[in-house]
Amino acid sequence: GLQHDGVSPLDTDLGFPTGLTLDPVGNLVITSEIGKVRVVDNNTNLITTLAGAGGQGFSGDGGPANLAKMNPSSAAFDAEGNLYVSDSGNDRIRKVLKRNDQTITFNEIQSPTVGDAPIILDNTIVFASTGLPLTFSSSNNSVATISENQIVILGAGSAVITAYQAGNLDFAPASQTQTLVVNKGN
């Protein structure tokens, strides 16, 4: 199966999970026989890879964690947020340094009216401190949907708009939300 990142854990192959733990902020961390350590963000419910390239083996010490070959069976975190992986297939403990935090600034969205033009989610409304690209979702697709970084207004009501940045080798994932209230038209 495919191990996609940036999707719900229900929409991807977890690859024979071998261990579960929580990271220092309460995100679920999953080790698996497919050679990956993955995390489910407790705010967005999206999964990303912390370590492991997939497939068993041994390589990558001192390099990017997501390119390492390993056979993880469990994981734990120290007080600083560094990840320790029990690489049981290679008789080692592997250390993955904590990624830097990033923040998302998501300014208030003025309440539109049904029939208004789409709201463009540009840098005047929302941006990541790292400059990395954002993805967006709506909690209520009968009120608003997201299309190419625009909020498309569909009906009156409210929806929570989530801005998400999956992180990379240097930065941890981040998310921020704004509640959008759409008024009825005339």
Side-chain angles (χ1 to χ4, degrees), residues 1-107 123 126-137 139 160-178:
L2 298 175
Q3 295 88 38
H4 297 292
D5 281 351
V7 299
S8 165
L10 301 175
D11 296 331
T12 189
D13 182 352
L14 296 178
F16 306 105
T18 57
L20 300 172
T21 191
L22 297 176
D23 73 8
V25 296
N27 298 312
L28 179 65
V29 176
I30 304 165
T31 56
S32 69
E33 287 185 8
I34 58 153
K36 287 190 174 190
V37 179
R38 303 177 81 199
V39 61
V40 179
D41 186 290
N42 62 9
N43 292 315
T44 64
N45 198 38
L46 299 176
I47 193 167
T48 55
T49 300
L50 286 177
Q56 297 182 346
F58 179 74
S59 68
D61 279 358
N66 69 330
L67 298 179
K69 290 284 190 179
M70 60 177 63
N71 306 298
S73 58
S74 63
F77 290 85
D78 66 17
E80 287 80 40
N82 297 306
L83 170 67
Y84 292 84
V85 179
S86 175
D87 186 354
S88 58
N90 294 305
D91 298 322
R92 297 173 190 266
I93 303 296
R94 311 275 291 265
K95 181 179 181 180
V96 178
L97 298 176
K98 178 186 175 201
R99 294 184 285 177
N100 297 312
D101 290 332
Q102 64 174 318
T103 58
I104 295 175
T105 301
F106 201 162
N107 295 316
N123 286 342
V126 60
F127 59 91
S129 60
T130 57
L132 295 170
L134 298 167
T135 57
F136 302 94
S137 63
S139 68
V160 175
I161 306 299
T162 301
Y164 178 72
Q165 207 308 306
N168 61 17
L169 298 177
D170 298 317
F171 295 98
S175 64
Q176 189 62 261
T177 62
Q178 279 291 340

Checklist entry - Which distance, rounded to the nearest 0.5 Å, do you find between the CG of N71 and the OG of S86? => result 10.0 Å
Next on the checklist: Restricting to non-hydrogen atoms, name the atom on P24 and the atom on G81 that form the minimum distance, rounded to 0.1 Å.
Outcome noted: CG-CA, 3.9 Å
Item to check | Non-hydrogen atoms of M70 and V37 that approach each other most closely | outcome: SD-CG2, 4.2 Å
Item to check | Closest non-hydrogen atom pair, S175 against T44 | outcome: CB-CG2, 3.3 Å
Checklist outcome for this item: Separation between OH (Y164) and CG (L134), nearest 0.5 Å, reads 11.0 Å
Checklist outcome for this item: All heavy atoms of F58 vs all of N90, minimum pair found to be CB-OD1, 3.4 Å
Checklist entry - Do T18 and T31 get their side chains close enough for a donor-acceptor pair, meaning under 3.5 Å? => result yes
Item to check | From N27 atom CG to N43 atom CG, the distance as rounded to the nearest 0.5 Å | outcome: 7.0 Å
Checklist entry - Is there a side-chain contact between P72 and V85 (heavy atoms, below 4.5 Å)? => result yes
Next on the checklist: With a 3.5 Å distance limit and no angle check, can you tell me whether S129 reaches the backbone of T103 through a side-chain donor-acceptor pair?
Outcome noted: yes
Checklist entry - Do the non-hydrogen side-chain atoms of L22 and L28 ever get within less than 4.5 Å of each other? => result yes
Item to check | T105 vs N107 side-chain heavy atoms within contact, under 4.5 Å | outcome: yes
Item to check | Atom pair CZ/CD1 of F16 and I34 - distance to nearest 0.5 Å | outcome: 9.5 Å
Item to check | side chain to side chain contact (heavy atoms under 4.5 Å, CB included) assessment of D87 paired with I93 | outcome: CA-CA 6 Å; D87 186 354; I93 303 296; over 6 Å; no
Checklist entry - How far apart are the C-alpha atoms of T12 and R38, what are their side-chain angles, what is the distance that settles it, and do they pass the side chain to side chain contact (heavy atoms under 4.5 Å, CB included) test? => result CA-CA 11 Å; T12 189; R38 303 177 81 199; 3.9 Å; yes
Checklist entry - Do you know the tightest heavy-atom contact between D101 and F171? => result O-CD2, 3.8 Å
Next on the checklist: Distance alone, cut at 3.5 Å: any donor-acceptor contact between the side chains of N66 and T49?
Outcome noted: no
Next on the checklist: Is any side-chain heavy atom of Q176 closer than 4.5 Å to one of V126?
Outcome noted: no
Next on the checklist: Could you report the tightest heavy-atom contact between D41 and P173, atom names first, then the distance?
Outcome noted: OD2-CB, 4.4 Å
Checklist outcome for this item: salt bridge (Lys or Arg N to Asp or Glu O under 4.0 Å) pairs touching residues 62-83, sequence neighbours excluded, are none
Item to check | Reported CG-to-CG distance for the pair D23 and N42, which is rounded to 0.5 angstrom | outcome: 7.5 Å
Checklist entry - According to the salt bridge (Lys or Arg N to Asp or Glu O under 4.0 Å) rule, which pairs have a member within residues 42-64, sequence neighbours left out? => result D61-R94
Checklist entry - Just by modelled atom types, is the G15 backbone N or O under 3.5 Å from a matching donor or acceptor in the E33 side chain? => result no
Checklist entry - To the nearest 0.5 Å, what is the distance between CG (L14) and CD1 (I30)? => result 5.0 Å
